[in-house]
Amino acid sequence: MNHPPPLTPPAVVVPNYLVWAILTTLFCCLPLGVVSIVYASQVDGRRAAGDLEGAYDASRKAGWWALASALAAPVLLLLWFGLFGGIAALGALSDL
């Protein structure tokens with residue numbers, strides 16, 4: 001008699017955002033990206049241990065910190081150019 005194999009529950013996929021965390025660390029904001037890498041590295045271990053709630057929490061935090069790192073770069077550049085552009089404009093005005 002042929003019996004069908006027992007059905008196994010589908011594997012739960014929890015995104016870890018590790019690639020995004022590494023890229024934002026390298027190209028955007030180092031301190032915020034490092035925090036993102038720490039949380040991203042916790043996702044797979046927690047999922048493998050059966051702690052799905054902890055895995056989803058670490059995944060959410062990793063994504064948030066990677067987004068914060070990506071958004072910090074343009075904000076810091078605007079502040080940088082605004083500060084030194086303002087200083088240059090004041091220097092040009094003082095020559096008049």
Side-chain angles (χ1 to χ4, degrees):
M1 293 176 82
N2 288 338
H3 295 289
L7 296 176
T8 58
V12 177
V13 177
V14 181
N16 61 11
Y17 301 108
L18 185 60
V19 172
W20 195 23
I22 291 171
L23 291 176
T24 57
T25 301
L26 292 176
F27 298 116
C28 297
C29 184
L30 182 68
L32 300 180
V34 170
V35 175
S36 179
I37 289 174
V38 169
Y39 282 118
S41 65
Q42 294 176 359
V43 173
D44 291 332
R46 288 183 179 190
R47 184 185 54 81
D51 182 15
L52 289 180
E53 184 178 331
Y56 280 116
D57 185 49
S59 172
R60 182 183 52 81
K61 288 178 182 177
W64 189 91
W65 281 105
L67 179 64
S69 176
L71 293 177
V75 169
L76 291 174
L77 281 175
L78 285 174
L79 288 173
W80 178 268
F81 287 123
L83 174 69
F84 287 108
I87 292 172
L90 287 174
L93 288 175
S94 68
D95 290 340
L96 295 178

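Atom OG of Ser59 and atom CH2 of Trp64 lie 14.5 Å apart (nearest 0.5 Å). Note that the CG atom of Asp57 and the OH atom of Tyr39 stand 8.0 Å from one another [nearest 0.5 Å]. Put simply, OG1 on Thr25 and CG on Leu30 are 6.5 Å apart, with the number rounded to the nearest 0.5 Å.
Two different hydrophobic clusters hold Ile37 and Val43 under the rule that ILVMFWY side chains link at heavy-atom gaps under 4.5 Å. Note on Tyr17: it does not cluster hydrophobically with Leu23, by side-chain heavy-atom contacts below 4.5 Å among ILVMFWY residues. When the side chains of ILVMFWY residues are joined at heavy-atom separations under 4.5 Å, either directly or via intervening members, Leu76 and Leu67 end up in two distinct hydrophobic clusters. When the side chains of ILVMFWY residues are joined at heavy-atom separations under 4.5 Å, either directly or via intervening members, Leu26 and Val19 end up in a single hydrophobic cluster. Under the 4.5 Å side-chain contact rule for hydrophobic residues, Ile22 and Phe27 share a cluster.
The two residues Ala62 and Ala40 have their closest heavy-atom pair at CB-N, 3.6 Å. Across every non-hydrogen atom of Ala58 and Arg46, the tightest pair is CB-NH1, 4.2 Å. Looking at every heavy atom in both residues, Leu71 comes nearest to Val75 through O-CG2, 3.3 Å. The two residues Cys29 and Ser69 make their nearest non-hydrogen contact at O-OG, 3.0 Å. Here the shortest heavy-atom pairing between Cys28 and Ala70 reads SG-CA, 3.8 Å.
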Inset, instruction - Might you work through the salt bridge (Lys or Arg N to Asp or Glu O under 4.0 Å) test for Asp51 and Arg47, ending with a clear yes or no? - result: CA-CA 5 Å; Asp51 182 15; Arg47 184 185 54 81; over 6 Å; no

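Considering only heavy atoms from C-beta on, Val12 comes within 4.5 Å of Tyr56 through its side chain. A 4.5 Å side-chain heavy-atom check between Leu83 and Leu79 finds every atom pair outside the cut-off. Contact annotation: the side chain of Pro74 never approaches that of Leu77 to less than 4.5 Å [non-hydrogen atoms, C-beta and beyond].
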